[in-house]
Enquirer: 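Below is one structure. I have some questions about it.
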Amino acid sequence: MAVRKFKPTTPGQRHKVIGVFDNITARTPEKSLTVGKRVTGGRNNEGHRTMRYLGGGHKRKFRFIDFKRNKDGVPARVKSIEYDPNRSARIALLYYADGYKAYIIAPNGLQVGSTVESGENVAPEVGNALPLSNIPVGTLIHNIELRPGQGAAIARSAGTFAQLTSREGTYAIIKLPSGETRKILAACKATVGVVGNSDHALEQSGKAGRSRWLGRRPHNRGVVMNPVDHPMGGGEGRQSGGHPRSRTGLYAKGLKTRAPKKLSSKYIIERRKK
């Protein structure tokens, strides 16, 4: 992967850094795996605005991604690597031996023509999905389930990965992308490899219009509002606004928001880095 930088011929080009599409092999998605995506523009069923700074954006189609990988023992061939406007990672179209088709998140190193498989007895190779109990310790993984059969929930965005560090009884010890170390049932599935499109973090939009294409409207700061609109608003001249907080008064820096008696806390061995 790489990124493209532009000559500053216009103000919008000056700081523009976007990803390349060299590895994209198909321009149109598989029709049977897509559906039209309706956007709300931040409005509820009465038309009242309930979410600020949303609206507009380019029309999209939603691609159904197979996060469960439950077709065990059936090999699949990678037909194409495609762009997905709904996520930062690339997706891969799989043609299974029995005629079934599915999209998966495309890991680094997965190419058109490669063969992937899922199940307990498959080799721990890039793109293969298998239970954590069968993955060698130290392997880099992504698309990790939190409950067996639920579907992948962790490490799905571009360039992310987790590491299987050890096993304790029926649990596997995973070091997550955030730095958190936690237990996950060894019966949960994960996919071997690192999510592709790792240069996505280097991209810069370069102009406000690219945010509008993504459906993001201009976001104004609380400090410039009136006291009736925001806790940080008001004041003569340019006031700092006091302690950073949200519109509802919740502190934005330093306040712990995790529920103190949350059930899953017993599975966390080491909290994420501040």
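Atoms considered below: every heavy atom in the structure, side chains included; atoms not considered: hydrogens, waters and symmetry mates. Start at 1 with the first residue, then count along the sequence. A quick note: this is a predicted structure, and the numbers were derived from the prediction, not measured.
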Enquirer: Is it true that Glu30 and Lys101 have a side-chain N and a carboxylate O under 4.0 angstrom from each other?
Expert: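 Salt bridge flag = yes for Lys101 with Glu30.
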Enquirer: Aromatic contact between Tyr83 and Phe21, with the criterion being ring centroids under 6.0 Å apart: yes or no?
Expert: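 Close enough - the centres of the two rings lie under 6.0 Å apart.
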Enquirer: Mind listing the closest non-hydrogen atom pair of Lys61 and Asn86 along with its distance?
Expert: O-ND2, 3.1 Å
Enquirer: As an exercise, state the distance from CZ of Arg90 to NE2 of His200, rounded to the nearest 0.5 Å.
Expert: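 Between Arg90 CZ and His200 NE2, I get 9.0 Å after rounding to 0.5 Å.
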Enquirer: Roughly how far, to the nearest 0.5 Å, is the NE2 atom of His230 from the CZ atom of Arg221?
Expert: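 The NE2 atom of His230 is 11.0 Å from CZ of Arg221, to the nearest 0.5 Å.
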Enquirer: Are the side chain of Asn44 and the backbone of Gly47 linked by a donor-acceptor contact shorter than 3.5 Å?
Expert: yes
Enquirer: Going through the checks in order, is the side-chain contact (heavy atoms from CB on, under 4.5 Å) test met by Asn220 and Tyr53?
Expert: CA-CA 9 Å; Asn220 51 322; Tyr53 317 128; 3.0 Å; yes
Enquirer: Please determine whether residues Val39 and Phe62 belong to a single hydrophobic cluster, defined as Ile, Leu, Val, Met, Phe, Trp and Tyr linked transitively by side-chain heavy-atom distances below 4.5 Å.
Expert: no
Enquirer: Side chains of Glu168 and Ile173, heavy atoms from C-beta outward: is any pair under 4.5 Å?
Expert: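 Glu168 vs Ile173: side chains touch.
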Enquirer: Please report the shortest heavy-atom distance between Val195 and Ala158, naming the atom on each side.
Expert: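 Closest approach of Val195 to Ala158, heavy atoms only: CG1-CA, 3.9 Å.
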Enquirer: Calculate, to the nearest 0.5 Å, the distance between atoms NZ and CD belonging to Lys16 and Glu203 respectively.
Expert: 10.5 Å
Enquirer: Are Leu140 and Val116 connected into the same hydrophobic cluster when the rule is that any two of I, L, V, M, F, W, Y join if their side-chain heavy atoms are below 4.5 Å apart?
Expert: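 Cluster IDs for Val116 and Leu140 differ.
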Enquirer: Are Val112 and Ile81 side-chain neighbours, meaning at least one heavy-atom pair lies under 4.5 Å?
Expert: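 A side-chain contact under 4.5 Å exists here.
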Enquirer: Can you run down the ring pair (Phe, Tyr, Trp, His ring centres under 6.0 Å) pairs that involve residues 146-178, sequence neighbours left out, and say none if there aren't any?
Expert: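 Matches after skipping sequence neighbours: Tyr171-Tyr267.
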Enquirer: Between Gln150 and Lys68, does the side-chain contact (heavy atoms from CB on, under 4.5 Å) criterion hold? Intermediate values first, please.
Expert: CA-CA 7 Å; Gln150 183 190 32; Lys68 293 189 175 182; over 6 Å; no
Enquirer: Search all heavy atoms of Thr181 against all heavy atoms of Lys175 and return the closest pair with its distance.
Expert: OG1-CG, 4.1 Å
Enquirer: Using modelled atom types and a 3.5 Å cut-off, is there a donor and acceptor pairing between side-chain atoms of Asn197 and backbone atoms of Ser88?
Expert: yes
Enquirer: Once you round to the nearest 0.5 Å, how far does CG of Leu93 lie from NZ of Lys79?
Expert: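 Separation between the atoms: 8.5 Å.
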Enquirer: Counting only heavy atoms not in His58, do more than 12 sit closer than 6.0 Å to its NE2 atom?
Expert: no
Enquirer: For Ile105 versus His142, what's the shortest heavy-atom pair and its separation?
Expert: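 Heavy atoms only, the tightest pair is O-NE2, 4.4 Å.
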Enquirer: Show me the pairs that pass side chain to side chain donor-acceptor pair (under 3.5 Å) and involve residues 115-129, at least two apart or across chains.
Expert: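 Those involving residues 115-129 are Asp72-Ser118.
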Enquirer: For residues Pro131 and Gly119, report the shortest heavy-atom separation together with the two atoms involved.
Expert: CD-O, 3.7 Å
Enquirer: Any side-chain heavy atom of Leu94 within less than 4.5 Å of one from Tyr100?
Expert: no
Enquirer: Measure the shortest side-chain to side-chain distance between Met232 and Met225 over non-hydrogen atoms and say whether it is less than 4.5 angstrom.
Expert: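 Not touching, per the 4.5 Å side-chain cut-off.
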Enquirer: Please check: side-chain N/O of Glu82 versus main-chain N/O of Ile91, any donor-acceptor pairing under 3.5 Å?
Expert: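 Side chain of Glu82 to backbone of Ile91, a donor-acceptor pair under 3.5 Å: no, none is there.
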Enquirer: My understanding is that only residues two or more places apart in sequence, or in another chain, count here; which of them pass side-chain contact (heavy atoms from CB on, under 4.5 Å) with Gln204?
Expert: His15, Val17
Enquirer: Please find the pair of heavy atoms, one from Ala162 and one from Pro177, that lie closest to each other, and give the distance.
Expert: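 Heavy-atom minimum between the residues: CB-CD, 4.2 Å.
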Enquirer: Is any side-chain heavy atom of Thr170 closer than 4.5 Å to one of Leu185?
Expert: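 Yes - at least one pair of side-chain heavy atoms lies under 4.5 Å apart.
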Enquirer: Could you grab the distance from atom CG of Asn108 to atom CG of Asn23, nearest 0.5 Å is fine?
Expert: 9.5 Å
Enquirer: Please enumerate all residues that pass side-chain contact (heavy atoms from CB on, under 4.5 Å) together with Pro244, with sequence neighbours excluded.
Expert: Ala252, Lys253
Enquirer: Go through it in stages, so that I can follow the logic: the residues are Thr34 and Arg60, the test is side-chain hydrogen bond (donor to acceptor under 3.5 Å, both in side chains), and I'd like the CA-CA distance, side-chain angles, deciding distance and then a yes or no.
Expert: CA-CA 10 Å; Thr34 59; Arg60 301 178 182 180; over 6 Å; no
Enquirer: Take atom CZ of Arg27 as the centre, draw a 6.0 Å sphere, and report whether it contains more than 12 heavy atoms from other residues, nucleotides or ligands.
Expert: no
Enquirer: Taking the side chain as everything from C-beta on, heavy atoms only, tell me whether Glu180 gets closer than 4.5 Å to Glu270.
Expert: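 SC-SC contact between Glu180 and Glu270 ruled out.
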Enquirer: Glu145 side chain to Gly151 main-chain N or O, any donor-acceptor pair under 3.5 Å?
Expert: yes
Enquirer: Does a side-chain N-to-carboxylate-O contact under 4.0 Å join Lys71 and Asp66?
Expert: no
Enquirer: Check whether Thr50 reaches the backbone of Gly42 with its side chain - one donor and one acceptor, N or O, closer than 3.5 Å.
Expert: yes
Enquirer: Output yes when a side-chain donor or acceptor of Ser211 lies under 3.5 Å from a complementary backbone atom of Arg216, and no otherwise.
Expert: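 Answer holds: no.
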Enquirer: Out of curiosity, does Tyr95 fall in the hydrophobic cluster containing Ile65 (side-chain heavy atoms, cut-off under 4.5 Å, transitive links)?
Expert: yes
Enquirer: Which other residues belong to the hydrophobic cluster containing Val192, where Ile, Leu, Val, Met, Phe, Trp and Tyr are joined when side-chain heavy atoms lie under 4.5 Å apart, directly or via other members?
Expert: Val122, Leu130, Leu132, Ile135, Ile141, Ile144, Leu146, Ile154, Leu164, Ile174, Leu176, Ile184
Enquirer: Check for a donor-acceptor pair, side chain of Asn226 on one end and backbone N or O of Val228 on the other, with a separation under 3.5 Å.
Expert: no
Enquirer: Are the side chains of Thr139 and Gln163 in touch, meaning some heavy atoms are under 4.5 Å apart?
Expert: no
Enquirer: Tell me if a side-chain donor or acceptor on Arg147 pairs with a main-chain N or O of Cys188 at a distance below 3.5 Å.
Expert: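 Not a single qualifying donor-acceptor pair exists.
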Enquirer: Taking atom CZ as the centre, does Arg52 end up with more than 12 heavy-atom neighbours from other residues, nucleotides or ligands that are less than 6.0 angstrom away?
Expert: yes
Enquirer: Please determine if Arg156 forms a cation-pi arrangement with Phe67, meaning its NZ or CZ atom is less than 6.0 Å from the six-membered ring centre and no more than 45° off the ring axis.
Expert: yes
Enquirer: What distance separates Arg14 CZ from Lys207 NZ, expressed to the nearest 0.5 Å?
Expert: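 Going from CZ on Arg14 over to NZ on Lys207, the span is 14.5 Å.
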Enquirer: Apply side-chain contact (heavy atoms from CB on, under 4.5 Å) to Ser205 and list each qualifying residue two or more places apart in sequence or on a separate chain.
Expert: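 Residues passing side-chain contact (heavy atoms from CB on, under 4.5 Å) with Ser205: Arg210.
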Enquirer: Using a cut-off of 6.0 Å, state whether more than 12 heavy atoms not belonging to Arg272 lie near its atom CZ.
Expert: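 Atom CZ in Arg272 is not packed in, count stays at 12 or less.
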Enquirer: Do Leu250 and Leu255 have side chains that get closer than 4.5 Å, going by heavy atoms?
Expert: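 When only atoms from C-beta onward are counted, Leu255 and Leu250 do touch, with a gap below 4.5 Å.
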Enquirer: Determine yes or no for a side-chain-to-main-chain donor-acceptor pair under 3.5 angstrom, with Lys183 supplying the side chain and Ile268 the backbone.
Expert: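 Pair absent, no side-chain N/O of Lys183 close to backbone of Ile268.
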